[in-house]
Amino acid sequence: MTPAVTDGSNDPRTARTRARLRAALLEACQEQPLERVGVAEVVRRAGVGRATFYLHYDDLHALAVDACAGVVRDAVDALHAWGRTPPGPDSPPAELVALLGEVRSRAAVYRSLLGPGGGPFGELLHQELRLRSGEELSRRRPAADGHDLTASAVAGLFTGVVADWVHDRIDASPEQLAGRIWRMLVAVHAAAASHGQSTVTGSSAAPLG
């Protein structure tokens, strides 16, 4: 099968073709939901043939996952954009605010790619955030346990809240949402610590309300 995420190809022609296909899909998703987009429309917008599409991707889902990869990496980095000590519960990382501002500016695209059931963006975001969170927790608190549960909670919380936000189920500016998400994530880690599991702070702070 074609790898889901294809950035980093050593062939400049391959990289350019995939970039055109990703851009074409995102352009189409700006106008209509992903489930209504077809391969024919994507190749027309990208200016390539149908055979070329299938040379690079198995299907539209694989292309959609690839198109989401950059933003997913930014999201995962934004939630871990701190050094030895994370910001307090009322000081979300600036990178998180900037990320949510980017999502808001292209809300139609993310509504298409992040549906109620997850969608390609939600699936990849949950997967990558759970993996990164688990790795960070194991690195920072190697003697603690429960990292898998905490990482799942972090990934599920962030992905679910952002999905509801882009579908207008949550009324908040990017700045407000960043603050609320960050307070909830700090609370998750504090709750894990109170049950003998891991925490990003290295302390046993009480869960936040």
Side-chain angles (χ1 to χ4, degrees), residues 4-5 22-23 25-38 41 60-82 86-134 148-192 200 207-209:
V5 178
R22 290 195 298 268
L25 179 68
L26 294 176
E27 182 182 89
C29 287
Q30 184 77 35
E31 301 171 5
Q32 59 190 324
L34 177 62
E35 59 267 21
R36 292 176 56 188
V37 178
E41 180 176 359
L60 274 178
H61 185 272
L63 171 59
V65 170
D66 197 7
C68 295
V71 177
V72 166
R73 283 193 295 269
D74 290 344
V76 172
D77 288 344
L79 289 177
H80 296 86
W82 41 272
D90 296 319
S91 302
E95 292 83 354
L96 177 57
V97 179
L99 170 80
L100 293 176
E102 164 64 16
V103 171
R104 168 57 64 85
S105 72
R106 304 186 70 185
V109 172
Y110 294 108
R111 273 194 295 272
S112 178
L113 298 172
L114 184 56
F121 180 73
E123 292 168 10
L124 186 62
L125 178 59
H126 188 281
Q127 171 186 317
E128 294 298 321
L129 184 53
R130 186 184 187 281
L131 178 63
R132 175 71 171 275
S133 294
D148 54 347
L149 177 60
T150 305
S152 290
V154 168
L157 188 158
F158 184 77
T159 304
V161 169
V162 172
D164 280 348
W165 185 56
V166 298
H167 284 277
D168 297 323
R169 300 188 187 101
I170 296 174
D171 182 16
S173 67
E175 294 78 12
Q176 290 170 330
L177 190 69
R180 294 171 187 175
I181 287 175
W182 189 249
R183 284 191 291 273
M184 287 189 289
L185 293 179
V186 171
V188 166
H189 287 289
V200 295
L208 301 177

Close side-chain approach of Arg104 to Leu100, heavy-atom, < 4.5 Å: no
Rounded to the nearest 0.5 Å, what's the gap from [atom1] on [X] to [atom2] on [Y]? Could you check?
X      : Y      : atom1 : atom2 : answer
Ile170 : Ile181 : CD1   : CD1   : 7.5 Å
Leu131 : Leu129 : CG    : CG    : 9.5 Å
Asp171 : Leu177 : CG    : CG    : 10.5 Å
Arg106 : Leu26  : CZ    : CG    : 5.5 Å
Leu114 : Glu123 : CG    : CD    : 10.0 Å
Ser91  : Arg183 : OG    : CZ    : 10.0 Å

With sequence neighbours left out, write down each residue that passes side chain to side chain contact (heavy atoms under 4.5 Å, CB included) with [X], or none if nothing qualifies.
X      : answer
Gln32  : Arg36, Val37, Glu41
Gln127 : Leu124
Ser173 : Glu175, Gln176
Glu95  : Ala78, Ala81, Pro93

Side-chain donor-acceptor pairs under 3.5 Å in residues 157-166, sequence neighbours left out?
residue, atom, partner, partner atom, Å
Thr159, OG1, Ala155, O, 2.8
Asp164, OD1, Arg169, NH1, 3.0
Trp165, NE1, Ala172, O, 2.8

Shortest non-hydrogen contact from [X] toward [Y]:
X      : Y      : value
Trp182 : Leu79  : CZ3-O, 4.0 Å
Leu25  : Ala67  : CD2-CB, 4.3 Å
Ala75  : Leu125 : CB-CD1, 3.7 Å
Leu113 : Cys29  : CD2-SG, 4.0 Å

Can you tell which of Leu34, Leu63, Asp66 makes a side-chain contact (heavy atoms from CB on, under 4.5 Å) with Pro120? Leu34
Set of salt bridge (Lys or Arg N to Asp or Glu O under 4.0 Å) partners for Arg130, sequence neighbours left out: none
